[in-house]
Amino acid sequence: MESKLFRLKRIKSQFWRFFPVFFLLVSLFFIVFSLTQVVFVGQMKQTTLSVYNPVVSVIKEPVYWVRNGIEKIQDWIQTYQENEHLKEENEELLKWRSLAIQLKEEQKELKKYLNFTAPEKTKHLVAEVAMDEGSAFTRSFIVAAGANQGVTKGMLAFSPKGLFARVVEVMPNFSRIMTLTDYKSRVPVWIGENKVSALLIGDNTSRPFLQFLNENETVQKGEVVMTSGYVGVYPPGLLIGYVNEIQEDEVRVQPIENGEKLSFVRLIDFPLSKPLLEETE
Amino acid sequence: MKNLLALKKMFWMSAPFLMGLFLILFSLVPINLLPYYHQSFPFVVTLIFYFSIFNPKVLNVFLVFLLGIINDMMTSLPLGFYAFGFVLIFFSISMLRSYLIDMVFTQLWIMFCLIFFCTDVIWAFLFFLISGIWVSTGFWFVQYLFVCLFFPFFCRFSGYLNHKIQEVQ
C-alpha cells in the first residue's frame, strides 16, 4: 500500500516536473496558428494594444522626464558646435534657395508648353510615438494616431530627415509603423543616376541590403537610393539612403533615417500610390 | 483587519506577475538606452529566472506562459514566440533547481548568462525558421549583454519581493 502511494507520488511529481513541456507545445502551436491565421491574430493584437497603450503612456511620463533632462544637458554642451555648423548650413541653403526660386520660375514657364496635370494634394498628420518594440527580432513602432485620426494603411512615415517607415496596421486610435530596416520590409528602389532597379530588403540590422540587382549593371559606393514606385506601395523618387558597402555578393544601404530617438513622426498619404497588390504580411 | 491582511497577502503574492507585466510594458517605452539604435530588452527573463528557482509557486508555469503571450501580443512577432522562450527558461530551471537553489550569487549570475544564452540562441533559430533571416549578431549580442549586465539589479529586487512574499505566506 505504502509503495503504491509512494509510486503515485513519484508519478505526480514527475508529471508536474514535465508539465512545462505542455506549454512549450502550446507556444509552438500558437506560432504556427499566428502564421496561418494572420488576420484573426492581427485583430486580437489590435484589441490588446488598445488596452495596453494608456498604461504605457503613464509609464513613459517619468521616463521621458529623465530622458528630456539628459538631452537638455547634452544640448547645452553641443550648442556652440551646432551654431557653427548651422551658420555654414544656412549659407549653403541660401545658395540653394536662390537656385530654387530660379528653377521654380523656369518650371512655370515650361509647364505652359506641356499638358500638365498637378498631382492630388497629399494628406498628412503628425503622430506621437507611443511604443517602441525594436529588438533583435523586430523593428517597428506604435504611434498614437489611428483610423479615428485619419490614418490609413500604406501611409508613409517621415522624420525631419526623411522617409523611414510605413503604416502596416491601423487600429481605432493607434497604428503600427514598420521601419525600412524591419525584416518584413521590401521596397522597390532605384540606385544612382542610371536608375538601376533593385529590391531593398530589411533584416533588422541598421543597414538593409539590396537584392535582385541586375548583374550587368554596377552600383557605386555613395550612390543615392530612392523609391522606384514599382508595385505602387511607395511613390517614386523618395530618398531612402545611400549605398554604403559593396561586397562580392552583398550591397548594403545606409538609410537617411533609422527612426531612433523619435518622439513624433509625420504620416503622409500619397493618393497616387495606392498598393496594387495586397500585402501578405 | 482580516480583509486588509488578505488583501496585503494577495498583493504580495501577485507582485512577481505584476512586476513582470510592468517590465514588459516598460520595455516598450521609447526610452532608447543606446545612442544609435532603438532597442527594447526582455528584462522580464531575470524575474522569471529568479522566481523559477526560489518561489515557482508564485510565478508558476502558467503565469510565465501568460507573460510571454502578453509580450507577444504587443509585438509584430507571431504569438507564442516569447512565450516559448519564457517557458523554456522555466522548464530548464525546473530541471536544474536542486543544483541552482544552493548556489551563491556569482554562480547564479553565470548560470543565468548560460541559460539566457541558450534561450536567445533558440529564439534566433526560431526567428530564422519564421522569417528566413538570421538576426543581426550585433543587435542580438547587445540585447543579451544588457540583460545579463542588469541581472544583479533585478535579482536583488526579486530577492526583496520574495522576502516580502515569504513574510505574508
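All of these numbers come straight from a predicted model, not from anything done at the bench. Numbers restart at 1 for each chain; the letters A, B, ... are given by sequence-line order, proteins then strands.
When B:Ile133, B:Val61, B:Val64, B:Leu79 are compared by the number of non-hydrogen pairs under 4.5 Å with chain A, B:Leu79 comes out ahead. Contact count against chain A (heavy-atom pairs under 4.5 Å) is highest for B:Pro78 among B:Gly68, B:Ser136, B:Pro78. Of all the listed residues (B:Leu25, B:Thr137, B:Asp120), the one sharing the greatest number of non-hydrogen pairs under 4.5 Å with chain A is B:Leu25. Listed options B:Phe90, B:Phe62, B:Phe141 were ranked by heavy-atom pairs under 4.5 angstrom with chain A; first place goes to B:Phe62. Of the listed residues B:Phe86, B:Phe91, B:Tyr144, B:Tyr82, the one with more heavy-atom pairs under 4.5 angstrom with chain A than any other is B:Phe91.
For B:Phe105, the CZ atom sits in a packed shell: over 12 heavy atoms of surrounding residues, nucleotides or ligands are nearer than 6.0 Å.
With 3.5 Å as the limit, one finds a donor-acceptor pair spanning the side chains of A:Thr138 and B:Ser76.
In this structure the side chain of B:Phe127 reaches within 4.5 angstrom of the side chain of A:Tyr183, judged on heavy atoms. Residues A:Phe137 and B:Phe81 meet the side-chain proximity criterion, which asks for heavy atoms closer than 4.5 Å. Side-chain contact between B:Phe84 and A:Phe23: absent, with no pair of heavy atoms (C-beta onward) separated by less than 4.5 Å.
At a 4.5 Å heavy-atom cutoff, B:Asn60 makes no contact with chain A through either its backbone or its side chain. Interface residue A:Phe19: only side-chain heavy atoms are found under 4.5 Å from chain B.
For A:Lys45 (side chain) and B:Met74 (main-chain N/O), no donor-acceptor pair under 3.5 Å exists by modelled atom type.
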